[in-house]
Amino acid sequence: MDDEGLRVEVYRVLAATGRAPDTGALAAATGLTAEAVRAGLDRLAAARHVVLGDAGGIVMAHPFATVPLGFSVMGRETLWWGGCAWDSFALPHLLPAEPEVLVATRCPGCGAALAWVVGRDEPPPGDQVAHFLIPVRRIWDDVVRTCGNQRLFCSEGCVGAWLAATGNERGYVMDLPALWRLARHWYDGRLERGYQRREPVQAAAYFAEAGLRGPFWGL
Ligand SMILES: [Zn+2]
Ligand SMILES: [Zn+2]
């Protein structure tokens with residue numbers, strides 16, 4: 001079992017259950033020793049395929065998360081934590097058995113409950129906006145903080161209120177169609193062997209095609 005096999009098993013379990021497998025489950029599924037699983041997870045983390053917590057557990061394997069970051073994603077039989085607005089909107093595109101999911105969150109500006117049925121064919125209706133705080137060249141400085149600050153708001157006004165309350169500088173605001181296009185193909189192939197990670201800093205053409213503009217995206 002190579003690292004790619006281990007990676008695919010992590011993703012298989014996250015996709016099927018919404019929960020990350022622990023070391024024992026990965027050892028049983030792969031035939032590796034627990035020590036070999038831990039070493040493999042460390043290499044996958046170094047290659048940015050997974051994010052490990054202090055105790056070695058899987059915190060994120062984008063677009064999946066195992067900790068609350070502001071979003072839930074409900075499928076027909078499975079409930080996932082959404083890692084962020086981008087990751088939550090990506091799940092119906094990645095999961096063959098889930099053509100539509102319910103993405104729910106609260107507006108960080110005013111606390112209102114927000115929810116959308118997100119599918120594969122077109123962006124969900126709504127005049128809400130996404131605000132991303134961290135520019136793409138800095139995404140991996142602290143990726144959990146980055147995802148935790150890629151949120152959906154009622155309106156530009158709520159983004160402004162949140163920025164004023166938190167003392168943050170404005171990042172990038174996009175409408176729901178732009179978020180949906182960003183999420184649509186970003187994670188293509190991630191559940192299968194042979195996946196090549198896209199580095200955000202190298203993805204200028206993808207971002208431009210999604211309709212994103214400016215230095216925030218490296219454009
Ligand atoms: Zn609001
Ligand atoms: Zn994210």
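Here the structure is a predicted model, which is why all the values come from computation and not from measurement. Note that these values count all heavy atoms, side chains included, but never hydrogens, waters or copies made by symmetry. Order of listing sets the numbers, starting from 1, for every ligand and every atom in it.
- Between R38 and E35 there is no salt bridge, since no side-chain nitrogen of the basic residue lies less than 4.0 Å from a carboxylate oxygen of the acidic one.
- Looking only at its N/O/S atoms, D87 has OD2 as the one nearest to the Zn ion (ligand 2).
- For the pair SG of C154 and SG of C158, the angle whose vertex sits at the Zn ion (ligand 1) is 120° to 10 degrees.
- No salt bridge links R181 with E209; every basic N to acidic carboxylate O contact stays at or beyond 4.0 Å.
- The angle that C84 SG and C147 SG make at the Zn ion (ligand 2), rounded to 10°, works out to 130°.
- For the side chain to side chain donor-acceptor pair (under 3.5 Å) with D141, the qualifying choice from R138, R137, R145 is R138, the only one to do so.
- Relative orientation of the F216 and Y172 rings is tilted, given thresholds of 30° and 60° on the angle between their planes.
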